[in-house]
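Chain A is the first sequence line, chain B the second, and so forth, proteins listed ahead of strands; every chain is numbered from 1. The analysis underlying the following values was restricted to heavy atoms, covering all of them including side chains, and did not include hydrogens, waters or symmetry mates.
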2 protein chains.
Amino acid sequence: MKDLDISEVAKQTGIPASTLRYYDEKGLIRSIGRRGAKRLYDPSVLDYLALIQLGQTAGFKLTEIAGIFGPDGPQIPRDALRDKAAGIERQIRELEVVRDGLRHVAECSAPSHLECPTFRRMMRLAADHRRRHGE
Amino acid sequence: MKDLDISEVAKQTGIPASTLRYYDEKGLIRSIGRRGAKRLYDPSVLDYLALIQLGQTAGFKLTEIAGIFGPDGPQIPRDALRDKAAGIERQIRELEVVRDGLRHVAECSAPSHLECPTFRRMMRLAADHRRRHGE
DNA sequence: ATGCAAGTTAAAGTGAACTTGAGGTCAAGC
DNA sequence: GCTTGACCTCAAGTTCACTTTAACTTGCAT
């Protein structure tokens, strides 16, 4: 009897019960049964929820996540997946710029950041990058 | 007369005019004046819009972006900025996992990805990572 | 002067991802 | 067997970031 009730899942993942019910309703997770009216989850749901959060970090919609890892495997063609991976690669590059920008802003105290040459150069780079690889 | 009207800004950035008006209304950008009723923008708005998009990629809300680079510089304490940078650093790590995961899914054709050992290992790593560094 | 494309406003609508609230159910402990 | 508290459903509400619509105004070409 190692099945988890909704509050146990909530406690272990930090995801509110209301959200878990919402995911359940949307078909992103699936309870293994009920005790009375109460949902019971297999522990594997924890891995699955980690996957969902990861997908969200990457900017996937819930419906896309459900589509990729739905009840039975992905229906997504390989090319689309490779494209997605490339998109995330670009996103990583942009985040590196933001990270460096924030670090710079935290240190350098020019009167306004928009006047700091280092900062402007970073912005220019980012704009160019965005221009080269579609938005 | 190198000022830009709204459609020029839209064309050069790819951002719809409706969104530019929305940003204007929200105080994220500011027109340098009007010709008749029509907004005119300084070319620097292009850099500024690149910055906004960059901020969005990093998951900042529009109000946060306005707060950091509002009319006059950031009011955000250095520590908060460093924390943000660290958060983005984590986000980058997670995106690397997603990128690798997608690439893997694109190649390996196990019956279901949830059964592929490589994939499960990646998920576990991600979950651990998320557990160590708050959500 | 007239017509019209391209702008304007204000308000309402959209979609995604949740959250909240009211009222109901049920297994467990006293 | 009755209360209690954790869970349930279903509908409505919230936030964010826009988009759409309807009705109005204006600079510019004819």
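Both B:Gly36 and B:Phe60 lie near DNA chain D, and the one whose nearest nucleotide falls closer to the 5' end is B:Phe60. Annotation: of the two residues near DNA chain D, B:Arg21 and A:Lys38, the 5′-most nearest-nucleotide partner is A:Lys38.
Put simply, OH on A:Tyr22 is 15 Å from C1' on D:dA12, counting in whole angstrom units. At whole-Å resolution of the value, CD in A:Glu64 and P in C:dA16 are 10 Å apart. A straight line from CD1 of A:Ile52 to C1' of C:dC18 spans 14 Å, rounded to a whole angstrom. One interatomic measurement links the two molecules: CD of B:Glu25 to P of D:dC18, which rounds to 13 Å at whole-angstrom precision. Here the C1' atom of nucleotide C:dA17 and the CG atom of A:Asp24 are 16 Å apart, to the nearest Å. Atom pair B:Arg34:CZ and C:dT8:P shows a separation of 6 Å (rounding to whole Å applied). The interatomic distance linking B:Arg35 (CZ) with C:dA6 (P) rounds to 14 Å, in whole Å. D:dT25 atom C1' lies 15 Å from atom CD1 of B:Ile6, rounded to whole Å.
Judged purely by atom type and a 3.5 angstrom limit, A:Arg34 uses its side chain to pair as donor or acceptor with the backbone of A:Ala37. Proximity of a side-chain donor or acceptor of B:Thr13 to a complementary backbone N or O of B:Val9 within less than 3.5 Å is detected.
Between B:Cys116 and B:His104, some side-chain heavy-atom pair lies under the 4.5 Å cut-off.
OP1 or OP2 of C:dC18 has at least one side-chain nitrogen or oxygen of A:Gln56 nearer than 4.0 Å. Between A:Arg39 and D:dC7 there is no side-chain N or O to OP1 or OP2 distance below 4.0 Å. Close to D:dA17, at under 4.0 Å from its OP1 or OP2, lies no side-chain N or O of B:Tyr23. Look at A:Thr19 and you'll find a side-chain N or O under 4.0 angstrom from OP1 or OP2 of C:dT19.
If you check C:dG7, C:dC26, D:dT26 against the side chain of B:Asp5, the one that comes closest is C:dG7.
Residue B:Ser18 is classed as a base contact, given a heavy-atom separation below 4.0 Å to a base. Among the protein residues, B:Lys26 comes within range of no part of the nucleic acid, since none of its heavy atoms lies under 4.0 Å from any strand. Contact annotation for B:Ser7: backbone-only contact, meaning every heavy-atom pair under 4.0 Å involves sugar-phosphate atoms and none involves a base.
Looking at every heavy atom in both residues, B:Ile52 comes nearest to B:Leu28 through CD1-CD2, 3.8 Å.
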Taking only distance into account, with no hydrogens and no angle test, what donor-acceptor pairs under 3.5 Å do side-chain atoms of residues 58-65 of chain A form with protein atoms, sequence neighbours excluded?
unit_1: A:Glu64; atom_1: OE1; unit_2: A:Lys61; atom_2: N; d: 2.7

